[in-house]
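The structure appears below as structure tokens.
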Amino acid sequence: MNQEKSGKFIAQCRREKGLTQAGLAELFHITDRAVSKWETGKSMPDISIMPVLCSVLGITVNELLSGERLDMDEYNKKAEENLIEFRKFEEKETKKKLMLEVVFGVIGIAVLLLVIFVSIIAEMKPAMKITVVLTGGFIFAVCLFFALYLERDAGYYECRKCCYKYVPNIMPFLFAPHSGRKRYMKCPHCHKYSWHKKTAEKQ
């Protein structure tokens with residue numbers, strides 16, 4: 001899958017539909033900068049919006065991933081190639097997000113420990129100590145939020161009961177008991193509670 005080629009194809013189809021980058025972005029409640037990144041090949045549209053994006057542009061997902069319009073003879077061959085390439089791309093993006101999750105987690109914990117250490121050993125007025133600790137706590141909370149958001153957004157969770165794979169809603173995810181990358185949640189498919197494990201691919 002050639003991201004740059006796909007990006008140029010998105011730009012071409014957008015112009016054919018008489019849409020600006022801002023106009024296309026507004027349809028998906030994203031920034032025009034995100035659309036610009038698609039069109040320059042710096043990123044790809046999220047898989048969750050690809051079908052709707054293709055419908056708006058008048059193309060198929062297979063054509064988007066190929067970066068060109070396909071005739072029927074090419075379609076089946078390209079579909080298989082694109083599926084393999086997209087799975088590799090998705091797995092790479094998942095690993096990147098999980099790595100960023102670890103980075104945010106480490107930064108948050110390091111900052112929190114540092115400010116606690118400083119507030120204990122440094123000679124400061126009580127009000128200043130409270131300010132330092134609260135600032136460290138705020139930074140920790142922000143880092144923790146981003147780490148959890150990345151974990152939820154990276155890959156899928158698989159139900160132990162029915163093997164259904166999905167991306168959980170943010171609130172059940174945040175409050176679910178967890179152990180490592182497993183979370184005790186209710187499956188939206190079979191509606192049973194079990195320990196759902198993180199998996200990189202949907203298939």
Side-chain angles (χ1 to χ4, degrees), residues 1-98 100-101 146 148-159 162-174 185-191 196 198-203:
M1 181 175 63
N2 187 323
Q3 282 187 223
E4 189 174 339
K5 185 179 179 183
S6 292
K8 289 179 180 178
F9 185 54
I10 291 172
Q12 175 193 329
C13 295
R14 171 182 59 76
R15 287 191 291 267
E16 288 174 359
K17 293 294 181 179
L19 290 167
T20 62
Q21 288 185 343
L24 184 60
E26 188 177 350
L27 295 175
F28 297 95
H29 307 290
I30 57 175
T31 64
D32 53 354
R33 186 180 176 190
V35 175
S36 177
K37 285 185 176 181
W38 297 347
E39 296 185 355
T40 54
K42 292 179 181 177
S43 69
M44 287 290 286
D46 190 88
I47 190 170
S48 63
I49 67 171
M50 270 192 187
V52 182
L53 173 63
C54 290
S55 178
V56 169
L57 297 177
I59 58 176
T60 66
V61 172
N62 196 19
E63 287 174 326
L64 186 151
L65 297 176
S66 300
E68 60 185 345
R69 296 191 186 277
L70 302 171
D71 59 35
M72 290 306 296
D73 291 335
E74 296 176 298
Y75 196 87
N76 290 334
K77 180 182 177 183
K78 282 287 185 179
E80 189 172 339
E81 291 175 1
N82 286 332
L83 181 60
I84 293 170
E85 286 299 314
F86 190 74
R87 282 182 177 173
K88 289 179 181 178
F89 171 79
E90 190 178 21
E91 188 175 349
K92 182 180 176 182
E93 288 298 301
T94 296
K95 288 179 179 178
K96 189 188 298 182
K97 287 177 181 177
L98 292 175
L100 279 173
E101 176 208 350
F146 278 109
L148 289 172
Y149 182 83
L150 286 166
E151 182 185 341
R152 182 193 77 98
D153 199 44
Y156 305 87
Y157 276 87
E158 181 178 359
C159 173
C162 66
C163 298
Y164 180 70
K165 295 180 181 179
Y166 68 104
V167 176
N169 292 328
I170 190 68
M171 294 307 290
F173 171 81
L174 288 176
M185 297 182 289
K186 183 179 180 180
C187 175
H189 184 254
C190 69
H191 306 293
H196 297 188
K198 171 66 73 176
T199 178
E201 296 181 358
K202 194 164 188 176
Q203 299 297 333

**Item:** SB check Arg69 Glu16 (cutoff 4.0 Å)
**Value:** yes
**Message:** I need the Tyr166 OH to Thr199 OG1 distance, nearest 0.5 Å.
**Reply:** 12.5 Å
**Request:** Indicate yes or no: at least one non-hydrogen side-chain atom of Ile59 is less than 4.5 angstrom from one of Cys54.
**Result:** yes
**Message:** Run Leu27 and Leu53 through side-chain contact (heavy atoms from CB on, under 4.5 Å) and show every step you take.
**Reply:** CA-CA 9 Å; Leu27 295 175; Leu53 173 63; over 6 Å; no
**Item:** Point-to-point distance, once rounded to the nearest 0.5 Å, from CD of Glu63 to CZ of Phe9
**Value:** 5.5 Å
**Message:** Counting only heavy atoms from other residues, nucleotides and ligands, does the tally under 6.0 Å from CZ of Phe28 exceed 12?
**Reply:** yes
**Message:** Checking Lys42 now: which residues fulfil side chain to side chain donor-acceptor pair (under 3.5 Å) with it, not counting sequence neighbours?
**Reply:** none
**Request:** Could you go through the side-chain contact (heavy atoms from CB on, under 4.5 Å) check for Tyr157 and Glu151 one step at a time?
**Result:** CA-CA 10 Å; Tyr157 276 87; Glu151 182 185 341; 2.7 Å; yes
**Request:** Quick one: pull up CD1 in Ile49 and CD1 in Ile30 and give me the separation to the nearest 0.5 Å.
**Result:** 5.0 Å
**Item:** Test item: Lys186 and Pro172 side chains (from C-beta on) under 4.5 Å apart, heavy atoms
**Value:** no
**Asked** Just wondering, more than 12 heavy atoms not from Asn169 lying within 6.0 Å of its CG?
**Response** no
**Asked** Between Tyr164 and His189, does the ring centre distance come in under 6.0 Å?
**Response** yes
**Message:** By the definition side-chain contact (heavy atoms from CB on, under 4.5 Å), identify the one residue from Met50, Gln3, Lys5 that meets it with Leu65.
**Reply:** Met50
**Prompt:** What pair of heavy atoms forms the shortest contact from Lys17 to Leu57, and how long is it?
**Reply:** CE-O, 3.4 Å
**Fill in**
Separation between OG (Ser6) and CD (Glu39), nearest 0.5 Å, reads 12.0 Å
**Prompt:** Is the shortest heavy-atom distance from the side chain of Leu148 to the side chain of Ile170 under 4.5 Å?
**Reply:** no
**Asked** Can you tell me how far the CZ atom of Arg152 sits from the NZ atom of Lys198, to the nearest 0.5 Å?
**Response** 9.0 Å
**Prompt:** How many angstroms lie between NZ in Lys37 and CD in Gln21, if you round to the nearest 0.5 Å?
**Reply:** 12.5 Å
**Prompt:** Which heavy atom of Arg14 sits nearest a heavy atom of Leu19, and at what distance?
**Reply:** NH1-O, 2.8 Å
**Message:** According to side chain to side chain donor-acceptor pair (under 3.5 Å), who are the partners of Lys8, at least two apart in sequence or on a separate chain?
**Reply:** none
